[in-house]
*Asks:* 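Here's a structure for you.
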Amino acid sequence: MNCEKYKDYIMKHMDKTITEMEQIELDEHLKRCSECRLEYDELKNIVSVLEERSCVEPPADFENMVMKKINVLDIYHKKQRKKRILIYGFAFIFAFMTVLLMFAALCRESILGLLLAAGVSESLSYAVYGFLTRMDLFLAYMAYVSGSGKMAFSDFYYLLIGLVVIVLMSKTHEIKSVRVHQKSELPPQTEKNKKRKLIN
């Protein structure tokens, strides 16, 4: 039996575009063909379930709620952007000042000469020179720590372990020497004392 034509009729029936003549043919065919009847019943059930479901209407203030949330998100993103700008600005200023201090620490003798030549008082000139010298030492130390910090930590670790071993060894040696010393100070045991110990 050729059911393709009737499957089209079933779809037209579901879409409510079927003609009266096609509906009569479809009804006759459904009485004879169980496969098409099963398909028709399944589609009809699906359509009836879909038609029964009522449309969910959003609340009246739904649009206002969504717009408020969008505005809150915009404000949040603007605040985050401002924070990022501040953080990057401070990081840039810090990096710039660090580079400037490094440069000044490396050229401290020239800066001292310039300050003295410009007529700045000697005490202030030498104070600036002292500060730059300390900065140079600090930067050299930081470079050492960052470059060999892992090695410095491991050296400290080994030193700490060595100290712990020395303390433990000295304590055990102390305990042994105390025991030996205590044994030497004990009065010699008599035969009576030895027998008492054996009995107990």
*Asks:* To the nearest 0.5 Å, what is the distance between CD1 (Ile87) and NZ (Lys83)?
*Replies:* 8.0 Å
*Asks:* Which pair of non-hydrogen atoms, one from Cys36 and one from Ile10, has the smallest distance, and what is that distance?
*Replies:* O-CD1, 3.8 Å
*Asks:* I'd like to know if Tyr40 and Tyr6 are part of one continuous hydrophobic network [Ile/Leu/Val/Met/Phe/Trp/Tyr, side-chain heavy atoms within less than 4.5 Å].
*Replies:* yes
*Asks:* For residues Lys44 and Met14, report the shortest heavy-atom separation together with the two atoms involved.
*Replies:* N-CE, 3.6 Å
*Asks:* Same cluster for Leu132 and Val120 if Ile/Leu/Val/Met/Phe/Trp/Tyr side chains link at under 4.5 Å?
*Replies:* yes
*Asks:* In terms of hydrophobic clustering (I, L, V, M, F, W, Y; side-chain heavy atoms under 4.5 Å; direct or indirect links), are Val72 and Met67 co-clustered?
*Replies:* no
*Asks:* Would Leu116 end up clustered with Ile111 when hydrophobic side chains under 4.5 Å apart are linked, directly or stepwise?
*Replies:* no
*Asks:* When you check the gap from the basic side-chain N to the acidic O, do Arg37 and Asp41 get nearer than 4.0 Å?
*Replies:* yes
*Asks:* In Å and rounded to the nearest 0.5 Å, what is the CG to CZ distance from Asp27 to Arg32?
*Replies:* 11.0 Å
*Asks:* If hydrophobic clusters are built by linking Ile, Leu, Val, Met, Phe, Trp and Tyr wherever their side-chain heavy atoms come under 4.5 Å apart, do Ile18 and Val47 end up in the same one?
*Replies:* yes
*Asks:* Let me see the working for Leu43 and Met11 under side-chain contact (heavy atoms from CB on, under 4.5 Å), right down to the final yes or no.
*Replies:* CA-CA 9 Å; Leu43 285 172; Met11 294 311 293; 3.9 Å; yes
*Asks:* Could you measure the distance from the OG1 atom of Thr17 to the CD atom of Glu22? Nearest 0.5 Å is fine.
*Replies:* 8.0 Å
*Asks:* Once rounded to the nearest 0.5 Å, what's the spacing between atom NZ of Lys31 and atom CG of Leu26?
*Replies:* 11.0 Å
*Asks:* Around atom CD of Glu122, are there more than 12 heavy atoms of other residues, nucleotides or ligands at under 6.0 Å?
*Replies:* no
*Asks:* Can you tell me how far apart CD (Gln23) and CD (Glu20) are? Round to the nearest 0.5 Å.
*Replies:* 9.0 Å
*Asks:* Students often mix this up, so state it plainly: with edges at 30° and 60°, are the rings of Phe96 and Phe92 parallel, tilted or perpendicular?
*Replies:* parallel
*Asks:* Do we see a donor-acceptor contact under 3.5 Å between the side chains of His29 and Tyr9?
*Replies:* no
*Asks:* Quick one: do Lys7 and Glu35 satisfy side-chain contact (heavy atoms from CB on, under 4.5 Å)? Show the steps, please.
*Replies:* CA-CA 10 Å; Lys7 287 184 180 184; Glu35 187 179 321; 4.1 Å; yes
*Asks:* Please report the C-alpha distance between Glu42 and Leu38 in whole Å, then the side-chain angles of each, then the deciding distance to 0.1 Å, and finally whether the side-chain contact (heavy atoms from CB on, under 4.5 Å) criterion is met.
*Replies:* CA-CA 6 Å; Glu42 286 175 356; Leu38 181 65; 4.0 Å; yes
*Asks:* Nearest 0.5 Å, please: how far is CD in Glu25 from OG1 in Thr19?
*Replies:* 8.0 Å
*Asks:* Report the C-alpha distance between Phe131 and Arg134 in whole Å, list the side-chain angles of each, state the deciding distance to 0.1 Å, and finish with yes or no for side-chain contact (heavy atoms from CB on, under 4.5 Å).
*Replies:* CA-CA 5 Å; Phe131 172 75; Arg134 284 191 292 281; 4.2 Å; yes
